[in-house]
Amino acid sequence: MKVMVPVKRVVDSNVKIRIRADGSGIETANVKMAINPFDEIAVEEATRLREAGVATEVVAVSCGAETSQDVLRTAMAIGADRSVLLGTAAELQPLAVARLLAAMVEREQPALVILGKQAIDDDCNQTGQMLAALLGWPQATSASRIRVEGDSAVVTREVDGGTETVRLTLPAIVTADLRLNEPRFVSLPNLMKSKKKPLEVIDASTLNVDLAPTWITLKVSEPPVRKPGILLHSAADLVTRLRDEARAI
Ligand code: AMP
């Protein structure tokens, strides 16, 4: 069984986000970039499936600029066997990514695609769902457990107020939530070794996929600054404060 894992290059989660001076988006020039954390979890899960003998091959796929090769190397250092970059300079929105991934699914014929539940830069939480719709495949989003049983996957999903377990007939789409696993440390030797694994670059324009954006960002701005909290020393202080503030309204 082949598992495909789409991985996105995003601003490193430890970096404080800055907005471009012209309000057109997030500053990415000279900023540390990394594999999207949910995608790291997805690669770890696929790797564990291969280590358990359930999967036979793990293929990581990224759509974007040449620079995305670094996150594919990270995916292969975790355990992906090979990777494919669908190269394009276009700014990709989830529908365009889902279309590119659907073209890759046609080519690779995986039994399972594990994506991150969302990219931490756009927080869209859409690509997995759109890919499932384009392919007509069953999907389970926000997975905290995946078990493959014969020709189906039993997936526990994080839902409001608890969990839900569903059975999907393979081939299927699953998106990874935070509690699915704790990804292994990416060691320098493994990162070096990953350089020997195959990384294929395909020009996305050769796939005949419509990459046109479906929305325009008008402006990106900082959230309003929150007032600092105050420390009260007793319940009586609190009552006085609430009474006085209520009077002032
Ligand atoms: P989103 O819908 O943008 O929140 O992204 C959800 C998931 O789709 C991510 O966690 C990735 O697994 C996948 N994805 C999004 N953008 C890309 C991309 N440019 N290349 C590869 N995978 C992507």
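For reference, positions follow the sequence shown, starting with 1. Both ligands and their constituent atoms are indexed starting at 1 by order of listing.
Note on I114 and L131: separate hydrophobic clusters, where clusters join Ile, Leu, Val, Met, Phe, Trp and Tyr whose side-chain heavy atoms are under 4.5 Å apart, directly or indirectly. When the side chains of ILVMFWY residues are joined at heavy-atom separations under 4.5 Å, either directly or via intervening members, V201 and V5 end up in a single hydrophobic cluster.
Taking every heavy atom of V61 and a limit of under 4.0 angstrom, the matching atoms of ligand 1 come to 21 (C). In the vicinity of C124, heavy-atom distances shorter than 4.0 Å reach the ligand 1 atoms 1 (P), 2 (O), 3 (O), 4 (O). Near D122, meaning under 4.0 Å from any of its heavy atoms, are these atoms of ligand 1: 1 (P), 3 (O), 4 (O). Shown in contact with N125 at under 4.0 Å from a heavy atom are these atoms of ligand 1, numbered in order with element: 1 (P), 2 (O), 4 (O).
The distance criterion of under 3.5 Å between nitrogen or oxygen atoms is met by N36 with respect to ligand 1. Where the criterion is an N or O separation shorter than 3.5 Å, residue side chain and backbone included, D123 fails it with respect to ligand 1. Geometrically, ligand 1 and P6 share a nitrogen or oxygen pair separated by less than 3.5 Å. Below 3.5 Å of separation, one finds no N or O of F38 facing any N or O of ligand 1.
Contact annotation for T175 and ligand 1: no heavy atom of the residue comes within less than 4.0 Å of the ligand. With a heavy-atom cut-off of 4.0 Å, V7 touches ligand 1 through its backbone alone. Residue contacts with ligand 1, taken as heavy atom pairs separated by less than 4.0 Å, involve L115 via backbone and side-chain atoms alike.
In terms of protein heavy atoms, atom 7 (C) of ligand 1 is closest to G116 O, 3.3 Å. The protein atom (non-hydrogen) at minimum distance from atom 8 (O) of ligand 1 is T127 CB, 3.3 Å. Taking atom 9 (C) of ligand 1 as the reference point, the nearest protein heavy-atom neighbour is D39 OD1, 3.4 Å. Residue, atom and distance of the protein heavy atom nearest to atom 20 (N) of ligand 1 are C63 N, 3.0 Å. Among all protein heavy atoms, the one lying closest to atom 16 (N) of ligand 1 is K8 CD, 3.4 Å.
Checking Q93 against T214 by side-chain atom types alone, a donor-acceptor pair falls below 3.5 Å.
Here the shortest heavy-atom pairing between T206 and D203 reads OG1-O, 2.6 Å. V43 and A75 get closest at one heavy-atom pair: CG1-O, 3.5 Å. Minimum heavy-atom separation, N36 to I120: OD1-N, 2.9 Å.
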Test log, rule side chain to side chain contact (heavy atoms under 4.5 Å, CB included), inputs D121 and V11: CA-CA 7 Å; D121 51 0; V11 173; 5.8 Å; no
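Checking K197, K2, R50 one by one against D81, the salt bridge (charged side-chain N to carboxylate O under 4.0 Å, His left out) holds for a single residue, R50. Exactly one of E44, R145, E45 qualifies for a side chain to side chain donor-acceptor pair (under 3.5 Å) with N181. That residue is E45.
For the residues V97, I41, I35, the heavy atom positioned nearest atom 17 (C) of ligand 1 is part of V97. Taking all heavy atoms of A119, A96, P37, G128 into account, the minimum distance to atom 4 (O) of ligand 1 is reached by A119.
A distance of 10.0 Å separates CD1 in I35 from CD1 in I41, rounded to the nearest 0.5 Å.
Of the possible donor and acceptor atoms, none in the side chain of R157 sits under 3.5 Å from a partner among the backbone N and O of E164.
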